Amino acid sequence: MSRFVLTFRNHAESPHTYWIEPWAHDFTLLQDEMLALRISSAGEPLVEFVHGTTDTQIYINDENWSVVQGDQELPLGHNRQYALSMQGKSTS
């Protein structure tokens, strides 16, 4: 089994939400926070990104994945309250 690790860092001043699809699992990063998406796969995983101003969708074809910060697995909805507080506010 192969393991792939993709890392993401939010360089913006406002929160940025990363959605793991097709499961709609959300993880929000505050400024300068980073997460790692670990995917284990018997074959070659298919990963597709759709990047927006306040969120990014990450579509993967494998169910064996986890999201971590350092050695800590992040819970579903990580920092969701900050993403909700920014809805309707301009980021420009």
Side-chain angles (χ1 to χ4, degrees):
M1 184 166 288
S2 298
R3 182 182 215 178
F4 303 87
V5 179
L6 303 168
T7 59
F8 301 89
R9 181 182 300 272
N10 179 15
H11 291 289
E13 292 180 17
S14 59
H16 191 90
T17 302
Y18 295 85
W19 295 92
I20 308 300
E21 301 291 1
W23 302 278
H25 291 340
D26 61 308
F27 304 89
T28 298
L29 296 182
L30 304 180
Q31 183 178 15
D32 293 324
E33 274 192 313
M34 187 169 77
L35 64 76
L37 172 60
R38 296 178 179 170
I39 304 168
S40 296
S41 180
E44 195 171 303
L46 175 64
V47 180
E48 181 180 343
F49 302 94
V50 178
H51 183 73
T53 305
T54 60
D55 68 346
T56 298
Q57 291 88 36
I58 305 164
Y59 292 87
I60 57 178
N61 68 340
D62 202 306
E63 292 186 29
N64 194 7
W65 56 271
S66 63
V67 175
V68 297
Q69 250 179 2
D71 293 329
Q72 185 84 3
E73 188 164 345
L74 293 179
L76 171 63
H78 175 73
N79 284 336
R80 184 182 293 156
Q81 70 276 14
Y82 296 106
L84 292 173
S85 71
M86 292 301 295
Q87 287 182 355
K89 295 182 181 180
S90 174
T91 58
S92 55

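Numbering of residues begins at 1 and proceeds along the displayed sequence. Note that the coordinates shown come from a computational prediction; the quantities given were computed from them, not determined experimentally.
With 3.5 Å as the limit, one finds no donor-acceptor pair spanning the side chains of Ser41 and Ser2.
Residues Asn79 and Leu30 come closest through the heavy atom pair ND2-CG, 3.7 Å. Contact detail for Met34 and Gln69: the closest heavy-atom pair is O-CG, 2.8 Å. Closest non-hydrogen pair, Gly70 versus Arg38, comes out as O-NH2, 3.8 Å. Closest non-hydrogen pair, Glu33 versus Thr28, comes out as OE1-O, 4.0 Å.
Other residues, nucleotides and ligands contribute over 12 non-hydrogen atoms within 6.0 Å of the CD atom of Gln81.
The ring-ring contact (aromatic ring centres under 6.0 Å, His included) test with Phe8 is passed by exactly one of Phe27, Phe49, Trp19: Phe49.
Note: the hydrophobic cluster containing Trp23 also contains Leu6 (ILVMFWY, side chain heavy atoms under 4.5 Å, direct or indirect links). Residues Val47 and Trp65 are members of one and the same hydrophobic cluster, defined by side-chain heavy-atom contacts under 4.5 angstrom among Ile, Leu, Val, Met, Phe, Trp and Tyr.
One distance of note links OG1 of Thr7 with CG of Leu35; it measures 8.5 Å at 0.5 Å rounding. Going from atom CD of Glu21 over to atom CG of Asn61 covers 14.0 Å, rounded to the nearest 0.5 Å. Residue Asp62 holds its CG atom at 12.0 Å from CD of Glu44, rounded to the nearest 0.5 Å. We find the CD1-CD1 distance between Ile20 and Ile39 to be 8.0 Å, quoted to the nearest 0.5 Å.
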Derivation and outcome, side chain to side chain contact (heavy atoms under 4.5 Å, CB included), residues Asp26 and Leu76: CA-CA 6 Å; Asp26 61 308; Leu76 171 63; 3.7 Å; yes

Evaluation steps, ring-ring contact (aromatic ring centres under 6.0 Å, His included), between His16 and Tyr18: CA-CA 7 Å; His16 191 90; Tyr18 295 85; 4.8 Å; yes

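Put simply, the side chain of Thr17 does not reach to within 4.5 Å of the side chain of Thr56, judged on heavy atoms.
Side-chain atoms of Arg9 come within 3.5 Å of backbone atoms of Asp32 as a donor-acceptor pair (strictly under, hydrogens ignored).
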